[in-house]
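Structure first, then comments.
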There are 2 protein chains.
Amino acid sequence: MSTDEKILKVAIDMIAKKGFKGATTKQIAEKASVSEMTLFRHFPNKKKILEAAIDRYYYSFQMKELFEHKLIWDLEKDLLMIAETYHKIMKKNKNVIKIAIQEGHNVPGLLEQVNKHPRQLKDLIIKYLEEMNKRELIINADYELTAMNFLYMSYGLFISRSFVSGEIITSLSEEDVIKGSVHVFIDHLTPNGVSEKIH
Amino acid sequence: MSTDEKILKVAIDMIAKKGFKGATTKQIAEKASVSEMTLFRHFPNKKKILEAAIDRYYYSFQMKELFEHKLIWDLEKDLLMIAETYHKIMKKNKNVIKIAIQEGHNVPGLLEQVNKHPRQLKDLIIKYLEEMNKRELIINADYELTAMNFLYMSYGLFISRSFVSGEIITSLSEEDVIKGSVHVFIDHLTPNGVSEKIH
DNA sequence: TATGTTTGTTAGTACTCACTAACTTTCTCT
DNA sequence: AGAGAAAGTTAGTGAGTACTAACAAACATA
């Protein structure tokens, strides 16, 4: 691992944990097994370290490509796949998301960056539901509303488990909660249980 | 407003906004229209200010009393009332919750404190659903799972709107999203639309 | 008016932090 | 082995920060 990468990796971990002010260049250098001088030789100042770290450790995915080939037009399996993918993306970007929550208004562009995935995902879910409706597999509904509620549910689960309470509130496993959330939406979108009763 | 209160009010606002390290005693004093010396005459150190501020500005509610008299055993109205109450509580405690997310691991007891409401609410929802089931108004289900998903949905909505994106992702109003979320769970809990088909 | 209490002011301490300069050591690659 | 690049070392600067000491002003209450 290059010196740059070592520094950035430690930086994003520490800033996510302690905040931008709380993470000192000295500590970052130390944890990266690098002298503080080296750190400043690689980056002009602390703020640029954060920006570079976000740049390096924010994993951007093109939703379309992620899903295009995986959707099989089975509501349960598709929703489950979508939810699981969502959590995979969020977990990969956990540190950046934490930083966005606490430092969002000081790092220009960060909030928009972090909001790109949810917005993309929303659009994708809407399109998916519309197609499912065309195929007469789900009922009519306000799909934007449905998509947002599905996302908020996933988001709440993610934030709660990642940053606040761990498993203090419930002993249910993440997997079970995700499966449960999918079933809630299945009941919502196929109230009669099967496709032939739709319309 | 007393000097103590002025200081604490400004302190919790600023710490929520800038983090514990980012909010300086000088700025807090200034914004509270008080000399820095006065601030230190009222509180022994900065950390105690935060603790006192949390103590003063975390509004603790006894869920039971909040709901006891309001439940009318109409799933839609009750769930809506529960969700709205939840948001009211969260908004009142917005600053403390923000601080809990970013400073949780440095302030002993804070996370537990902030998690009390969700846990209480979870238990209350479970009990409510069990009673609704007894009255044959909803079907059998894993009520803990249902309660958690309902809470995660509300939580996701709250966090997203309060700390991250405002209304960037969707133009739907908070009220509409809440109503939508309630309907999702109604469909889940009363799949045949009415109570006579249950069991 | 007199007295005790609360605030303001000023100056300062001790410390930490981001960041730099100058020089030396280690590493890398031919 | 030798040269150039990257890293370490040491010492330091200047700004900011939590917090204090000492004294003066403002305020409140009787």
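- Overall bending of the helix from C:dT1-D:dA30 to C:dT30-D:dA1, expressed as the angle between end axes built from five pairs apiece, is 30° (10° steps).
- One atom, CE of A:Met1, and another, P of D:dA7, lie 13 Å apart when rounded to the nearest Å.
- Taking the side chain as every heavy atom from C-beta outward, A:Thr38 and A:Arg41 approach each other to under 4.5 Å.
- Rounded to whole Å, atom P of D:dA18 lies 13 Å from atom CG of B:Leu50.
- When rounded to the nearest whole Å, the span between CZ of A:Arg41 and P of D:dA5 equals 14 Å.
- For the pair B:His42 and A:Phe40, nearest-nucleotide mapping onto DNA chain C gives the more 5' position to B:His42.
- Between C:dG8, C:dA18, C:dT20, one nucleotide has an atom nearer to the side chain of B:Val34 than all others, and that is C:dG8.
- The number of heavy atoms from other shown groups lying within 6.0 Å of CD (A:Glu30) does not exceed 12.
- The CD atom of A:Glu36 sits 12 Å away from the C1' atom of D:dT9 (whole-angstrom rounding).
- The only member of A:Phe150, A:Tyr143, A:Tyr128 that meets ring-ring contact (aromatic ring centres under 6.0 Å, His included) when paired with A:Phe185 is A:Phe150.
- Counting heavy atoms from C-beta outward, B:Phe61 and B:Gln120 have side chains that stay 4.5 Å or more apart.
- For B:His117 and B:Tyr59, the gap between ring centers reaches or exceeds 6.0 Å.
- Below 30°, between 30° and 60°, or above 60°: for B:His87 and B:Phe158 the angle between ring planes is above 60°, a perpendicular geometry.
- Between the side chains of B:Tyr57 and B:Asn95, not a single donor N or O lies within less than 3.5 Å of an accepting N or O.
- When each of C:dA22, D:dA18, D:dA22 is scored by its nearest atom to the side-chain atoms of A:Met37, the top-ranked nucleotide is C:dA22.
- Distances from the side chain of B:Ser35 to the nucleotides D:dT9, C:dT9, D:dA7 place C:dT9 closest.
- Of the residues in residues 4-32 of chain B, none has a non-hydrogen atom less than 4.0 angstrom from any atom of DNA chain C.
- Summarising the geometry, the separation between CG on A:Leu39 and C1' on C:dT20 is reported as 13 Å, rounded to the nearest angstrom.
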Step by step, would you call B:Asn133 with B:Leu137 a side chain to side chain contact (heavy atoms under 4.5 Å, CB included)?
-> CA-CA 6 Å; B:Asn133 181 258; B:Leu137 294 167; over 6 Å; no
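- Between the NZ atom of B:Lys47 and the P atom of D:dC19 there is a distance of 11 Å, rounded to whole Å.
- Residue-level contact check: B:Ser2 touches neither bases nor backbone, having no heavy atom under 4.0 Å from any strand.
- In this structure, a donor-acceptor pair under 3.5 Å is present between the side chains of B:Glu76 and B:His183.
- When the nucleotides D:dG8, C:dT7, C:dC19 are ranked by their closest atom to the side chain of A:Thr38, D:dG8 comes out on top.
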